[in-house]
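Here is the structure we will look at.
Values reported hereafter were calculated over all heavy atoms of this structure, with side chains retained and with hydrogens, waters and symmetry mates removed. None of these values were measured; they are calculated from a predicted model.
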Amino acid sequence: AGAKRPLEAITWNIAAVNNNPFEYWVTHSDPAYNELMREVQNYIDDPGGDPAVHEVFTDTMFSTLLDDIRGVGHTDLREVERLWRTEYRTRRAVSGFLKDKSLGAKRLASMPDRVTNTINTLAGGVLLRPTVINCFQGELGSVETWWAQWRSFMFTTTVEVESERMRGKGPQVVVRLLEPILHSKYPAITAEEQQISIPLQILCLAVFDAILVHMLNTIASATWQGLRTSLCNALHTHKDEKIMKILRDTYPQSDVVFIQEAAAAFVDRVESHKELSQRFFVLHPRKLDGTRDQNSIILASREYFEEETAVDVTPRVHQHLQTHEVWPSSDGDLVAVSIKGKQDGFPYLLVSFHGDTNGLGTLPAVRAVNRMAKETLEGHILVFGLDANTYKEHSDKYQGVEHFHQCITENGFGSCWGDSPDPMSSTTCNARTYLQPQLNKAVGLADKYTKADKNLKDWIIFFRNQITSSPGEKDNTGNGEYIQDMIFPTLAFPSDHAVVAAKLTVKDAAARRGA
């Protein structure tokens with residue numbers, strides 16, 4: 001016989017890395033928030049008296065920074081000094097540095113920001129870089145006050161994180177968490193810049209942070225730190241509690257929860273949560289990534305699945321990737337587990353996956369799961385929750401919804417979005433502000449609805465010969481409702497991806513064999 005009742009599945013990218021409370025436009029009740037963001041936008045659009053970089057981040061600060069960088073083992077800094085003199089020093093702080101699209105494309109500020117913004121340590125603590133764009137609680141009333149704290153954080157604070165690369169090395173100063181930016185992954189970086197990409201990241205991050213401190217104290221010295229605290233409480237400090245409350249209260253019947261972009265520390269929080277830990281056990285990759293801190297995990301119901309039968313088959317998926325296919329994945333992006341169902345005795349293959357920003361690695365990953373399932377796990381019932389990063393329009397740069405649907409259909413998959421997914425039915429509605437390191441992605445206050453990232457990115461997929469699905473349901477409020485054209489996150493809903501839920505009916509064995 002088949003399962004006694006439908007399997008209730010949800011998939012949710014909880015967006016762990018958005019530790020910057022200002023990064024996305026937020027639906028906020030305090031008018032002072034919109035006022036602050038309008039002032040920031042005006043300053044960036046038309047920075048009256050835009051200072052030169054060296055007037056904010058001075059030559060003395062640069063010399064001190066070089067000494068600090070030499071102190072952690074980067075001795076040949078002649079090219080960095082040349083770039084400072086010829087490239088960065090005399091640029092205008094806002095128009096020439098913050099707004100430089102090539103710096104965004106090279107990730108010279110955004111990559112080191114991602115790694116050092118908010119660090120979850122192995123011991124369970126949280127370290128915050130002194131910057132405008134996180135929940136740092138120290139005083140940032142002037143560039144001078146900021147600089148002393150920043151240097152101390154980057155060069156003398158030691159940290160241990162959950163990371164394959166750092167394993168066994170003991171505590172390291174924060175700056176050692178930075179990794180080279182590779183030309184192969186970010187073609188805007190030249191081969192020469194790749195060679196010095198760590199010192200260059202340190203310099204660009206210091207300049208970037210200094211300009212933000214200068215800017216906010218110029219336009220809103222009395223209000224910005226208080227507003228940031230209110231945002232932090234809603235979006236970051238209590239974020240995991242809000243996510244777990246939504247899972248507990250709105251989705252109490254869920255049998256499997258596919259989560260993407262979870263911080264490594266989120267696993268511990270679920271496992272120590274009274275109600276959730278009684279209802280679920282957590283399946284996660286063997287290599288949790290605590291540096292990028294974006295992990296795909298699965299919460300599996302103790303009532304529906306036998307925990308002791310779980311086998312991590314993630315490495316097998318990688319083995320089934322075809323050599324000619326590009327899959328820009330990182331540790332933690334994929335987890336695949338073989339497990340036995342309690343209700344029906346069937347073997348299941350549960351997979352959670354987070355695609356790259358443009359979705360170009362999603363189809364190679366799905367194909368690898370497909371091959372692995374058919375070649376090594378015959379008879380397993382596949383349930384696959386993913387942030388596919390699919391877009392309204394398909395191109396050589398972006399994975400389109402209709403093209404993705406067509407390709408998976410040809411491989412025998414169905415989805416919670418039915419026979420003809422609507423590319424206009426979005427699971428995201430977010431827009432980046434001007435207070436984040438990729439200004440090439442910033443959207444102004446007047447355009448935040450029309451230019452928002454509104455795309456159908458989140459899917460639950462399965463083999464059509466094994467499962468039928470109810471229509472997928474979306475939720476951007478945390479109470480099971482989806483409000484069309486509402487910017488999120490909100491103060492109540494702390495992710496920029498909607499929850500997607502579906503009831504899956506497993507066909508009986510005869511129907512699955514096509515009898």
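- Within the 4.5 Å cutoff, the side chain of Leu205 has no heavy atoms near those of the Thr131 side chain.
- Using modelled atom types and a 3.5 Å distance limit, the side chains of Asn217 and Trp224 yield a donor-acceptor pair.
- Annotation: the span from Ile14 atom CD1 to Ile243 atom CD1 amounts to 4.0 Å, rounded to 0.5 Å.
- For Asp458 and Lys474, the salt-bridge test fails: no basic side-chain N is under 4.0 Å from an acidic carboxylate O.
- Atoms OG1 and CG, from Thr362 and Asp356 in turn, are 6.0 Å apart once rounded to the nearest 0.5 Å.
- You'll find the side chain of Met486 reaches within 4.5 Å of the side chain of Thr27, heavy atoms only.
- From Met61, atom CE reaches atom NE2 of His54 across 13.0 Å, with rounding to the nearest 0.5 Å.
- In this structure, Phe384 and Phe353 have perpendicular ring planes: the angle between them is above 60°, well past the 30° mark.
- Side-chain contact annotation: Trp12 with Asp475, donor-acceptor N/O pair under 3.5 Å absent.
- With no hydrogens or angles considered, a side-chain donor-acceptor pair links Arg129 and Thr116 at under 3.5 Å.
- Taking a cutoff of 4.0 Å between a charged side-chain nitrogen and a carboxylate oxygen, Asp240 and Arg269 qualify as a salt bridge.
- Contact check on Asp453 versus Arg432 returns no salt bridge, with no Lys/Arg side-chain nitrogen under 4.0 Å from an Asp/Glu carboxylate oxygen.
- Residues Val72 and Val173 have side chains in contact (heavy-atom distance under 4.5 Å, counting atoms from C-beta outward).
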### Worked check of side-chain hydrogen bond (donor to acceptor under 3.5 Å, both in side chains) between Ser142 and Thr145
CA-CA 5 Å; Ser142 69; Thr145 310; 2.6 Å; yes
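- Aromatic ring centroids of Phe62 and Trp147 lie 6.0 Å or more apart.
- Taking a cutoff of 4.0 Å between a charged side-chain nitrogen and a carboxylate oxygen, Arg279 and Glu275 do not qualify as a salt bridge.
- Using a 4.0 Å cut-off between a side-chain N of Lys or Arg and a carboxylate O of Asp or Glu, Asp76 and Arg78 qualify as a salt bridge.
- Among Met111, Lys106, Glu193, the single residue meeting the side-chain contact (heavy atoms from CB on, under 4.5 Å) criterion with Tyr186 is Met111.
- No more than 12 heavy-atom neighbours from other residues, nucleotides or ligands sit within 6.0 angstrom of NZ on Lys245.
- Taking 4.0 Å as the cut-off between side-chain N and carboxylate O, Arg114 and Glu261 do not count as a salt-bridged pair.
- Proximity of Leu140 to Gln149: side-chain heavy atoms (C-beta onward) are separated by under 4.5 Å at one or more points.
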